[in-house]
J.: 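My questions all concern the structure below.
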Amino acid sequence: MKHRKPILQTILGILLGLLFLSPLYILVVNSFKTQKGIFSNVLALPDSTYFTLNNYAEAWKQLEFLKSLFNSLYISILSTLAIILLTSMAAWVLVRRKSKTANVIFYIFALSMLVPFQCVMLPLVQIMGKIQFLNPAGLIFMYLGFGSSLSIIMYHGFIKNVPLELEEAATIDGANAFQVFWRIVFPLLKSITVTIAILNLMWIWNDFLLPQLVINKPGWQTIPLKTFYFFGQYSKRWDLATAGLLLGMIPIIVFYLFAQKYIVKGVTDGAIK
Amino acid sequence: MRPSKLTFTLFLLPVAIAFSAVVLIPMFLGFFYSFTDWNGIGNSYHIIGFSNYLTIFHSDSEFRNAFFFTLKFAIASVILINVIGFSLALLVQRSSWLNNTLRSIFFLPNLIGGILLGFTWQFIFTKVFDMLGSLLHLPFLQGWLSTTSTGFWGLVIVMSWQLSGYMMIIYIAALQNISESIQEAASIDGVTPVQRLFKITLPLVSPAFTIGLFLSISNSFKLFDQNLSLTGGAPYKSTQMLTLNIYNTAFTMNNLALAQAKAVLFLIMVAVITLTQLYFSKRKELEL
């Protein structure tokens with residue numbers, strides 16, 4: 001296959017790349033048109049009669065964009081931090097304790113990956129309502145619970161291959177378990193930590209159903225949540241909708257441009273585990 | 001160093017509390033509620049045995065439709081996602097500036113959330129397809145999402161657009177593990193490219209197919225956001241998948257116990273299907 005028809009392959013690749021990008025092209029060109037412009041020609045670039053920047057101004061206002069962006073960042077970053085700090089500790093003792101209890105606990109985490117969210121959501125909302133957890137702090141607590149399985153499995157697999165000598169040396173020097181973990185072990189987990197952080201950031205950032213059940217109140221809504229209601233309100237206003245959808249996508253696309261290498265590695269490692 | 005029992009408990013406790021409160025307890029409570037007439041208001045309920053399950057099997061045609069719709073959707077998308085993903089991987093597996101850029105483009109849709117994706121494609125199917133249809137005189141491009149079959153294919157297209165790039169990444173990683181020497185030996189022995197694909201490449205990347213199939217099957221069955229935002233189940237709930245049916249049973253019809261029974265059946269189904277697939281894929285891997 002080497003060097004066979006490389007030109008054909010190149011052309012095919014470029015065409016497919018354009019096809020994959022075409023939905024974004026459609027969004028971009030129409031977000032700069034008035035409603036009339038969209039109905040007159042949905043494929044063309046905006047010409048001077050129909051060009052407008054007003055869609056973005058209006059969508060920005062309706063989405064309360066900065067507020068929603070802040071809510072999304074706040075929820076996903078704090079949840080990811082909690083997951084990283086607490087599941088790495090848990091996975092470490094699960095590996096090192098080497099007891100039957102530790103094994104059973106690990107398998108419970110692993111098996112729970114099969115449980116679809118729909119199976120727990122109704123009792124979950126009832127319980128969380130009772131203990132006054134239907135708020136952003138409660139949501140972060142819930143993401144810790146839902147994110148723990150995958151993160152523990154991945155940390156577990158990684159820690160198994162971390163040599164014991166360093167930990168033993170530190171113990172002999174009089175360090176307690178807390179010091180051993182945070183000073184010696186955690187720094188060794190850096191590469192897997194980046195992977196786990198990215199996997200969690202991505203699903204929490206895009207998650208819709210859990211926030212809808214837990215923090216569906218004005219002022220607390222995240223980008224997917226706000227977009228959903230914005231769209232419901234303006235479903236026939238494609239001029240505003242296209243601009244709003246693009247605004248909602250920009251943060252994750254910018255993140256992708258900067259962290260692409262880590263994202264791709266994270267996804268590959270996450271899948272293979 | 002082997003942690004003491006105290007260290008073990010202390011280090012595990014925060015996660016164990018969150019996990020129990022969010023996953024374990026709700027799951028067992030959910031099993032229990034599926035045998036009651038729980039309605040979510042207050043604590044009152046009666047145990048009614050298998051009544052909810054019998055209702056589902058005997059008189060819930062919407063659930064049955066959702067089941068077959070989900071099954072068809074899963075079959076079509078799993079095939080398309082993996083075929084496209086693997087083809088893309090073959091196309092761009094060699095590192096070059098162009099191929100790396102193409103990889104980034106193919107993977108990009110995966111990062112955008114289901115709600116935003118569904119709305120974006122709603123625009124494309126209803127407005128862009130419509131215009132292309134009238135420009136090119138292709139009537140089948142018109143009226144998308146207004147019928148069951150266009151809603152179905154709409155969902156399949158969105159899902160393939162989103163997940164093919166993800167599978168591509170997994171398959172590229174697998175292809176790059178095949179050693180150059182095997183490829184070279186094959187080409188010296190006069191193996192044709194087609195033979196090489198079926199006799200060498202495919203068997204050697206079969207562990208990646210196990211993963212690719214597993215991920216695409218479970219993602220297809222559990223799909224919710226895209227279904228909600230692209231078709232919302234329309235027309236007449238005919239494009240409603242199982243997750244959306246459970247959601248509507250709970251929040252539109254306010255029948256929480258019935259929704260919970262459906263969710264339990266859904267859990268059993270997803271578990272049986274994915275575990276069966278893993279079992280057979282692993283056995284196939286060993287044979288090859």
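Residue numbering restarts at 1 for every chain, and letters A, B, ... go by the order of the sequence lines. Note: hydrogens, waters and symmetry copies are ignored here, and every other heavy atom, side chains too, is used.
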J.: Out of curiosity, Phe208(A) CZ to Gln226(B) CD, how far, rounded to the nearest 0.5 Å?
T.: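 Result: 11.5 Å between the selected atoms.
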J.: Could you measure the distance from the CG atom of Leu116(B) to the CD1 atom of Ile252(A)? Nearest 0.5 Å is fine.
T.: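 Leu116(B) atom CG to Ile252(A) atom CD1 measures 10.0 Å (nearest 0.5 Å).
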J.: Any heavy-atom pair between the side chains of Leu242(B) and Gln118(A) that's under 4.5 Å?
T.: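 Gln118(A) vs Leu242(B): side chains apart.
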J.: Counting only heavy atoms closer than 4.5 Å, note whether Tyr166(B) contacts chain A via side chain, backbone, both or neither.
T.: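 Just its side chain gets close to chain A.
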J.: Name the region of Leu225(A), side chain, backbone, both or neither, that has any atom closer than 4.5 Å to a heavy atom of chain B.
T.: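 Neither; nothing under 4.5 Å.
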J.: If you measure from OG1 on Thr243(B) to CZ on Phe117(A), what distance do you get to the nearest 0.5 Å?
T.: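 Answer for the OG1-CZ pair, Thr243(B) versus Phe117(A), is 11.5 Å.
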J.: State, to 0.1 Å, how close Leu124(A) and Ala21(B) come at their nearest heavy-atom pair, and which atoms those are.
T.: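 So the minimum-distance heavy-atom pair works out to CD1-O, 4.0 Å.
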J.: If you define the side chain from C-beta out and look only at heavy atoms, does anything of Leu114(A) sit under 4.5 Å from Leu275(B)?
T.: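 They are in contact (side-chain heavy atoms under 4.5 Å apart), so the answer is yes.
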J.: Under a 4.5 Å heavy-atom cut-off, does chain B meet the side chain of Ser22(A), its backbone, both or neither?
T.: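 For Ser22(A), neither part sits under 4.5 Å from chain B.
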J.: With a 4.5 angstrom heavy-atom cut-off, which part of Gln212(A) approaches chain B: side chain, backbone, both or neither?
T.: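 Contact with chain B involves the side chain of Gln212(A) alone.
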J.: Is there a side-chain contact between Leu10(B) and Val93(A) in this structure, where contact means two heavy atoms from C-beta onward sitting under 4.5 Å apart?
T.: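 Sidechains of Val93(A) and Leu10(B): no contact.
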J.: What do the steps show when you test Phe20(A) against Leu102(B) for side-chain contact (heavy atoms from CB on, under 4.5 Å), and what is the final call?
T.: CA-CA 10 Å; Phe20(A) 264 74; Leu102(B) 287 173; over 6 Å; no
J.: Which atoms of Ile83(A) come close to chain B, meaning under 4.5 Å heavy atom to heavy atom: side chain ones, backbone ones, both, or neither?
T.: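 No part of Ile83(A) comes within 4.5 Å of chain B.
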J.: I need the residue from Ile124(B), Leu111(B), Ile169(B), Leu29(B) with the largest number of non-hydrogen atom pairs under 4.5 Å to chain A.
T.: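 It is Leu111(B).
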J.: Is the side chain of Arg96(A) donor-acceptor paired with the backbone N or O of Arg2(B) at a distance under 3.5 Å, no angle test?
T.: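 Flag not set: sc Arg96(A) to bb Arg2(B) has no pair under 3.5 Å.
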J.: What part of Asn30(A) gets closer than 4.5 Å to chain B, counting heavy atoms only: side chain, backbone, both or neither?
T.: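 The answer is the side chain of Asn30(A).
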J.: Please report the interatomic distance CG(Leu86(A)) to CZ(Phe11(B)), rounded to the nearest 0.5 Å.
T.: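 It comes to 10.5 Å.
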J.: Is it the case that the side chain of Tyr256(A) and the backbone of Ser104(B) share a donor-acceptor pair, with hydrogens and angles ignored and the cut-off at 3.5 Å?
T.: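 It does hold such a pair.
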J.: Is there a side-chain contact between Leu12(B) and Arg97(A), using heavy atoms and a 4.5 Å cut-off?
T.: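 No, too far: nothing below the 4.5 Å cut-off.
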J.: Any idea which of Ser148(A), Ala90(A), Gly17(A), Pro23(A) has the most non-hydrogen atom pairs under 4.5 angstrom with chain B?
T.: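 Looking at each of Ser148(A), Ala90(A), Gly17(A), Pro23(A) in turn, Pro23(A) comes out on top.
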J.: Could you measure the distance from the CD1 atom of Ile115(B) to the OG1 atom of Thr227(A)? Nearest 0.5 Å is fine.
T.: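 The CD1 atom of Ile115(B) sits 8.5 Å away from the OG1 atom of Thr227(A).
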J.: Please give me the minimum heavy-atom distance between Gln126(A) and Tyr33(B), naming the atom from each residue.
T.: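 For Gln126(A) versus Tyr33(B), the nearest heavy atoms are OE1-OH, 2.8 Å.
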J.: Just wondering, do Phe106(B) and Leu16(A) contact through their side chains at under 4.5 Å, heavy atoms?
T.: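 Yes. Closest side-chain heavy atoms under 4.5 Å.
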J.: Name the member of Thr120(B), Ile246(B), Asp225(B) that forms the most heavy-atom pairs with chain A at distances under 4.5 Å.
T.: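 Answer, by heavy-atom pair count under 4.5 Å with chain A: Thr120(B).
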J.: Nearest 0.5 Å please: distance from the NZ atom of Lys127(B) over to the OG1 atom of Thr242(A).
T.: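 Atom-to-atom, Lys127(B):NZ and Thr242(A):OG1 are 12.0 Å apart.
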J.: Under a 4.5 Å cut-off applied to non-hydrogen side-chain atoms, are Phe123(B) and Val42(A) in contact?
T.: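 Yes, their side chains come closer than 4.5 Å.
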J.: So what's closer than 4.5 Å to chain B heavy atoms on Ile105(A): side chain, backbone, both or neither?
T.: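 Just its side chain gets close to chain B.
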J.: Is Met27(B) close to chain A through its backbone or its side chain, or both, or neither, when contacts mean heavy atoms under 4.5 Å?
T.: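 It is both, since atoms from each part get that close.
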J.: Name the region of Met202(A), side chain, backbone, both or neither, that has any atom closer than 4.5 Å to a heavy atom of chain B.
T.: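 Only the side chain of Met202(A) comes within 4.5 Å of chain B.
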J.: Are the side chains of Leu122(A) and Trp38(B) in touch, meaning some heavy atoms are under 4.5 Å apart?
T.: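 They are in side-chain contact.
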J.: Would the distance check show the side chain of Asn206(A) and the main-chain N or O of Gly114(B) forming a donor-acceptor pair, the cut-off being under 3.5 Å?
T.: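 Between the backbone of Gly114(B) and the side chain of Asn206(A) there is no qualifying donor-acceptor contact (under 3.5 Å).
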J.: Hey, are the side chains of Leu213(A) and Phe251(B) touching, using non-hydrogen atoms and a 4.5 Å cut-off?
T.: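 A side-chain contact under 4.5 Å exists here.
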